[in-house]
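These notes concern the structure reproduced below.
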Amino acid sequence: MSLVEQAVIIRNEEIVPGYLELELRAPGIARQALPGQFINIRVGSTLDPLLRRPFSVYDNDKNAGDITILYKVVGRGTGMMAELDMGETLDVLGPLGRPFSLPENLQRVVLVGGGVGMAPLVYLARVSCERGAAVTALVGARTASELLGLNHLRGMGVKVMVTTDDGSQGIQGQVTDGLEPLLTESDYDFIYCCGPEPMMARVADMAHRYGLKGEVALEENMACGIGACLGCAHRVKQGQDYSYVQICHEGPVFSMSEVVFDV
Amino acid sequence: MSERNQVQAEVNMEVNLGGIALANPVTVASGTFGYGREYEAYVDLARLGAIIVKGTTLEPRAGNPTPRIIETPAGMLNAVGLQNPGVDVFIQEHLPYLREKQATVIVNIAGNTVEEYARLTAILDKQDGIAGLEVNISCPNVEKGGLQFGTDPNTAAGVVAAVRQNTSLPVIVKLSPNVTDVVAIARAVVEAGADALSLINTLLGMAIDIETRRPVLANIFGGLSGPAIKPVALRMVYQVAREVEVPIMGVGGIVNWQDALEFILAGATAVSIGTGNFINPGISEQIIDDLENYLVEQGIRDIRQLIGAAWL
């Protein structure tokens, strides 16, 4: 059951310009958190900024009780977070949301992450590896300096491939340019994806063409994180039409085939 | 006897909101607390003065496109658009849960037409486990109904009269702040049969993205809530409470017991926590405890002594 915890900052480190890893000691949340779930962080204790900020669980050391998130400095909240020091505390609500499904018999999985969309995929890779699955990760970014999670993934024994929009590292082009050869060459059991919606839409389309099942993790402006405010709605298919689901509560993980992507 | 029960024995927190007996004045506002279930991990639902459930309509509503919410200084804008599964699903799936939890339930109702309000009221009137209705004539985020019913005294009175004719349940009317003279609307709906008033609903506002040079919200406009609106809400409660005979439920930016107390001093019999639930899901129960402690510390035996105590 999710809870509110006063988490102590263990590490708050800029790993590449504009992107930080924040490690929090939050044993009650860490014990329960599963890949794909998120935590909702109150930044500061004043009325501005007012709302919590949601972040995917990037990594989780259940034994130590430490949760790591990956974040990009985009606004006031994340700007304030970047200034926090070791030993300070944050009010954290979690774990929240529906995790990735991890079928027991997964043999070969492929992860596709674009930019800060790597945030939910590293912990997923760790748990997949622990369960004995062979994991391939396709990591995309605009440019080499914005590639995220590579060292974590390589440390777990994940086969890592890279694409960049500008060709500064790996294959030049979009993640789908790197994905198609992978799907042609090998049989995968499952594909997981997180990134900008147009990218997820292309990946979902390609997965469908290759008959591969998969899941995506979605993002939207969020307030409560527990399904009450109905702010973080996203469209899913309903027959020929669509309906809205709440990303925080019914997601953030959804089957690729059910989402109506905003492209 | 637990420590809490001892405190309760010393002071009275019970209030009566137009025929609805509340164990304490702290309720949770419609649209911020789902159907209670969402908060069961954080709050003892039976302890709340009342739960005002998500705005309910006759038919299911899909709600508005996204983005639906955006944070603003000490507040937030929302344009959810009354997304809800409709009254039948509420009665079948959510009301039994709330009854089982022994929550005091107030159902917020909304419609496109006066006829829809009447039919919705008649359906809910037959259900067990509903303590009262809150008539939403002030939602700023839907094309039809909502706000248009709440900005003209005659139209507002028409909706309230239709609800009144179809139920013996206590009827609370939630007023819009997006009017020139809130007292005129308040008087009109009381005359039409309102047992209590809740004020305020959200203030109509907007935000613009300077990168895209477009409105942030897909609906362009949204309702502003949170601490940013508290002074406006407090002023309206103060104004209206002195002019009408029925009790008032104060809503708008309450995030702690001091805020709640301000509304009571302004003339509110009960208060409702809205956006505060999003920041701290356990805030409502915390405010009950803190108000009780305040009464004990101040040697005030009955919270009702404080209602309107700030009037000059």
Side-chain angles (χ1 to χ4, degrees), chain A residues 1-6 28-29 32 40-54 74-78 91-97 197 218-236 238 241-250 260-262, chain B residues 28-42 53-55 60-85 141 207 216-218 222 225-228 230 253 255-256 259 274-283 286:
Chain A
M1 195 175 268
S2 54
L3 64 145
V4 176
E5 205 163 15
Q6 302 307 312
I29 295 171
Q32 303 179 66
N40 216 1
I41 296 181
R42 181 97 207 273
V43 184
S45 56
T46 56
L47 297 176
D48 188 26
L50 184 70
L51 301 175
R52 291 173 183 271
R53 268 74 175 146
V74 290
R76 250 166 59 71
T78 46
D91 184 298
V92 181
L93 170 63
L96 300 170
E197 290 227 6
L218 301 181
E219 190 182 46
E220 180 57 69
N221 290 353
M222 202 176 273
C224 69
I226 59 173
C229 74
L230 309 186
C232 62
H234 202 286
R235 288 185 296 170
V236 294
Q238 192 177 56
D241 206 356
Y242 66 86
S243 65
Y244 284 107
V245 289
Q246 303 319 124
I247 288 177
C248 69
H249 191 57
E250 290 150 278
V260 181
F261 291 101
D262 292 328
Chain B
V28 286
S30 177
T32 69
F33 211 75
Y35 298 99
R37 212 186 295 263
E38 294 83 349
Y39 286 86
E40 70 175 7
Y42 316 101
V53 298
K54 175 70 190 161
R61 295 255 188 123
N64 288 331
T66 58
R68 291 176 170 186
I69 58 170
I70 183 73
E71 186 181 61
T72 57
M76 65 180 283
L77 290 162
N78 90 80
V80 169
L82 280 177
Q83 178 185 330
N84 83 100
N141 297 325
V216 172
L217 298 175
S225 65
K230 196 190 82 176
V255 296
N256 54 41
D259 295 334
T275 302
N277 295 309
F278 301 154
I279 304 157
N280 174 1
I283 190 77
Q286 183 66 51

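Chain naming here is simple, since letters A, B, ... match the order of the sequence lines and numbering starts at 1 in each. Computed over heavy atoms, backbone and side chain alike; hydrogens, waters and symmetry mates excluded.
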What option among A/Gly231, A/Cys232, A/Gly75 has the most heavy-atom pairs under 4.5 Å with chain B?
A/Gly231

Considering all heavy atoms, the nearest B/Met76-A/Ala223 contact:
CE-CB, 4.0 Å

Which pair of heavy atoms, one from A/Asp48 and one from B/Pro73, lies closest together, and at what distance?
OD1-CA, 3.8 Å

At a heavy-atom separation under 4.5 Å, does A/Ser243 approach chain B through its side chain, its backbone, both, or neither?
neither

Indicate yes or no: at least one non-hydrogen side-chain atom of B/Asn78 is less than 4.5 angstrom from one of A/Cys229.
no

Select, from B/Pro65, B/Gly34, B/Gly63, the one with the greatest count of heavy-atom pairs under 4.5 Å involving chain A.
B/Pro65

I need the single residue from B/Leu217, B/Ile70, B/Thr66 that forms a side chain to side chain contact (heavy atoms under 4.5 Å, CB included) with A/Asn221. Which is it?
B/Ile70

Considering only heavy atoms, which portion of B/Tyr42 lies under 4.5 Å from any heavy atom of chain A: side chain, backbone, both, or neither?
side chain

Minimal heavy-atom distance between B/Lys54 and A/Leu230, with the atoms involved, is CE-CD1, 3.6 Å

Mind checking the CZ-CD1 spacing from B/Phe33 to A/Ile226? Nearest 0.5 Å is all I need.
7.5 Å

So CD1 of B/Ile279 and CG of A/Leu51: to nearest 0.5 Å the spacing works out to 6.0 Å

Residues B/Tyr39 and A/Cys224: closest non-hydrogen pair is OH-CB, 4.4 Å

Is it the backbone or the side chain of A/Gln246 that comes under 4.5 Å from a heavy atom of chain B, or both, or neither?
side chain

The reported gap from CZ in A/Arg42 to CG in B/Asn280 (rounded to nearest 0.5 angstrom) is 8.5 Å

Less than 4.0 angstrom from a charged side-chain N to a carboxylate O is my criterion; do A/Arg52 and B/Glu71 meet it?
no

Cation-pi geometry met for B/Arg61 and A/Tyr244 (6.0 Å, 45°)
no

